[in-house]
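Below, each value reflects all heavy atoms present in this structure, side chains not excepted, and no hydrogens, waters or symmetry copies. Start at 1 and go down the list; that is how both ligands and their atoms are numbered.
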Amino acid sequence: MFISFEGIEGAGKTTALNYLADLLQSRGHDCLSTREPGGCTLGRNLRSILLDARTRHLSGRAELFLFLADRAQHVAEIIRPALEAGQVVLCDRYTDSTLAYQGYGRGQDIDYLRRLNQAATGGLQPELTLLFDLPVRCGLMRAGERNRAEGLILVEGRFDSESLDFHERVRQGYRALAEEEPQRVAIVDAAQPPEDVVLQCRSALEAHLHARGQSLDGTAIPEEGEDDDT
Ligand code: TYD
């Protein structure tokens, strides 16, 4: 099973990802938590270029291809082998980030980006995407506090310092993507307190599994009437 976590900065994706990983592990699943950019060795090098606030004069196209290079290597080296080994993969950002940031945010053509995502991943799509949605000001404030506390303003602050308009376009882009694919993308109200956010994530996961006739511990849900005589 492949699950991605998406949303603007400061939406609380990472906390929720850790919570779901613990929940799934406690139900007997073998989980791999990873992220983009930076889920493999090549990606960690690319991450430092892509997110460093001191990176200047990176063209929109160069930025795009660096994210795609990270993704291509990450899928080949980490995600696909883990899925083939039967692990549950939880990925902090994936293809929708490119559509939201480079597409809706930077204005690059969405269909072109879809084709490039397809080429980079060999068509590997998450079966469930949790979209953490919250007002842009609120997310940026949280991300700013976190980066200050962790001393990451310079080394990871390039996107955080984009305009409010940019982040608003990204947020609306994500919502449009969720509307297009409601079976895959579940919207989580990330403005709620963390304990409520994790419960929403759990419900979305359970609903997704239920639709596939499965429960959280991996067992099949009996068809109606199947266990009547037990
Ligand atoms: P990250 O620290 O992972 O995000 P967050 O602050 O939400 O924890 O930063 C990754 C940044 O890279 C984020 O601003 C979104 C951006 N990004 C893209 O623009 N395109 C992409 O394809 C990906 C994967 C990320």
Side-chain angles (χ1 to χ4, degrees), residues 4-18 33-40 42-53 55 58-75 78-79 89-108 110 112-121 124-126 129-171 173-174 177 188 190 194 197:
S4 66
F5 294 69
E6 295 281 359
I8 59 165
E9 355 287 301
K13 294 178 275 93
T14 314
T15 310
L17 187 153
N18 292 336
S33 303
T34 186
R35 69 170 175 182
E36 291 190 0
C40 57
L42 172 74
R44 281 186 279 284
N45 291 326
L46 296 177
R47 182 176 175 96
S48 65
I49 299 169
L50 281 163
L51 303 192
D52 195 317
T55 299
L58 189 61
S59 76
R61 199 164 292 168
E63 175 186 280
L64 166 65
F65 281 100
L66 291 181
F67 278 118
L68 292 166
D70 166 65
R71 184 160 305 132
Q73 186 66 25
H74 189 212
V75 167
I78 308 285
I79 300 179
V89 175
L90 305 166
C91 191
D92 194 340
R93 300 194 179 282
Y94 190 62
T95 45
D96 295 308
S97 280
T98 302
L99 302 180
Y101 283 81
Q102 281 64 53
Y104 289 94
R106 300 251 190 259
Q108 303 196 50
I110 302 290
Y112 171 64
L113 296 179
R114 283 191 203 279
R115 289 199 295 280
L116 292 177
N117 268 334
Q118 161 85 23
T121 62
L124 181 68
Q125 273 280 69
T129 296
L130 297 173
L131 170 57
F132 293 77
D133 181 56
L134 83 172
V136 163
R137 277 178 199 281
C138 178
L140 287 180
M141 212 165 66
R142 285 192 199 166
E145 278 165 17
R146 177 196 60 197
N147 284 349
R148 261 189 299 281
E150 295 177 11
L152 293 174
I153 296 262
L154 267 186
V155 287
E156 298 231 323
R158 197 166 73 87
F159 282 89
D160 305 50
S161 59
E162 288 287 342
S163 68
L164 271 183
D165 277 1
F166 173 85
H167 290 285
E168 195 57 53
R169 288 197 298 278
V170 172
R171 180 187 184 198
Y174 269 131
L177 295 172
V188 172
V197 170

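The distance from ligand 1 to the heavy atoms of Thr98 drops below 4.0 Å at these ligand atoms: 21 (C), 22 (O). Less than 4.0 angstrom separates some heavy atom of Glu9 from each of these atoms of ligand 1: 6 (O), 7 (O), 13 (C), 14 (O). Remark: ligand 1 atoms within the under-4.0 Å shell around heavy atoms of Leu51 are 9 (O), 10 (C), 11 (C), 12 (O). Heavy-atom contacts of Lys13 reach the following atoms of ligand 1: 5 (P), 7 (O), 8 (O) (cutoff under 4.0 Å). Heavy-atom contacts of Gln102 reach the following atoms of ligand 1: 18 (C), 19 (O), 20 (N), 21 (C), 22 (O) (cutoff under 4.0 Å).
What sits closest to atom 6 (O) of ligand 1 on the protein, heavy atoms only, is Arg146 NH2, 2.9 Å. Nearest to atom 2 (O) of ligand 1 among the protein's heavy atoms is Arg47 NH2, 3.0 Å. What sits closest to atom 7 (O) of ligand 1 on the protein, heavy atoms only, is Arg93 NH2, 2.7 Å. From the protein, the heavy atom lying nearest to atom 25 (C) of ligand 1 is Phe67 CE2, 3.3 Å. The protein non-hydrogen atom at the shortest distance from atom 24 (C) of ligand 1 is Arg71 NH2, 3.5 Å.
Residue Glu6 does not touch ligand 1, judged by heavy-atom distances below 4.0 Å. When non-hydrogen atoms are compared, ligand 1 lies under 4.0 Å from neither the backbone nor the side chain of Arg142. Using a 4.0 Å cut-off between heavy atoms, Leu50 makes no contact with ligand 1 at all.
Remark: side-chain polar atoms of Arg35 are not paired, donor with acceptor, to backbone N or O of Leu90 under 3.5 angstrom.
Relative ring orientation between Phe159 and Phe166 is described as tilted, the plane-to-plane angle lying within the 30° to 60° band.
Between Glu63 and ligand 1, a contact under 3.5 Å exists for no N or O pair.
Residue Val136 comes nearest to Leu164 through the heavy atom pair CG1-CD2, 3.6 Å, listed as atom of the first residue, atom of the second, then distance. Contact between Leu134 and Arg171 at its shortest, heavy atoms only, is O-NE, 3.2 Å. Of all heavy-atom pairs between Val75 and Thr121, the closest is CG1-O, 3.8 Å. Nearest heavy-atom pair across Leu116 and Phe65 is CD1-CZ, 4.2 Å.
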Item to complete: Under the side-chain contact (heavy atoms from CB on, under 4.5 Å) rule, what do Thr14 and Phe5 come out as? Steps first, then yes or no, please.
Response: CA-CA 8 Å; Thr14 314; Phe5 294 69; over 6 Å; no
Worksheet item: For Glu162 and Arg169, what are the C-alpha separation, side-chain angles and deciding distance, and is it a salt bridge (Lys or Arg N to Asp or Glu O under 4.0 Å)?
Response: CA-CA 11 Å; Glu162 288 287 342; Arg169 288 197 298 278; over 6 Å; no
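When the shell of 6.0 Å around CZ of Arg137 is examined, it contains 12 or fewer heavy atoms from other residues, nucleotides or ligands.
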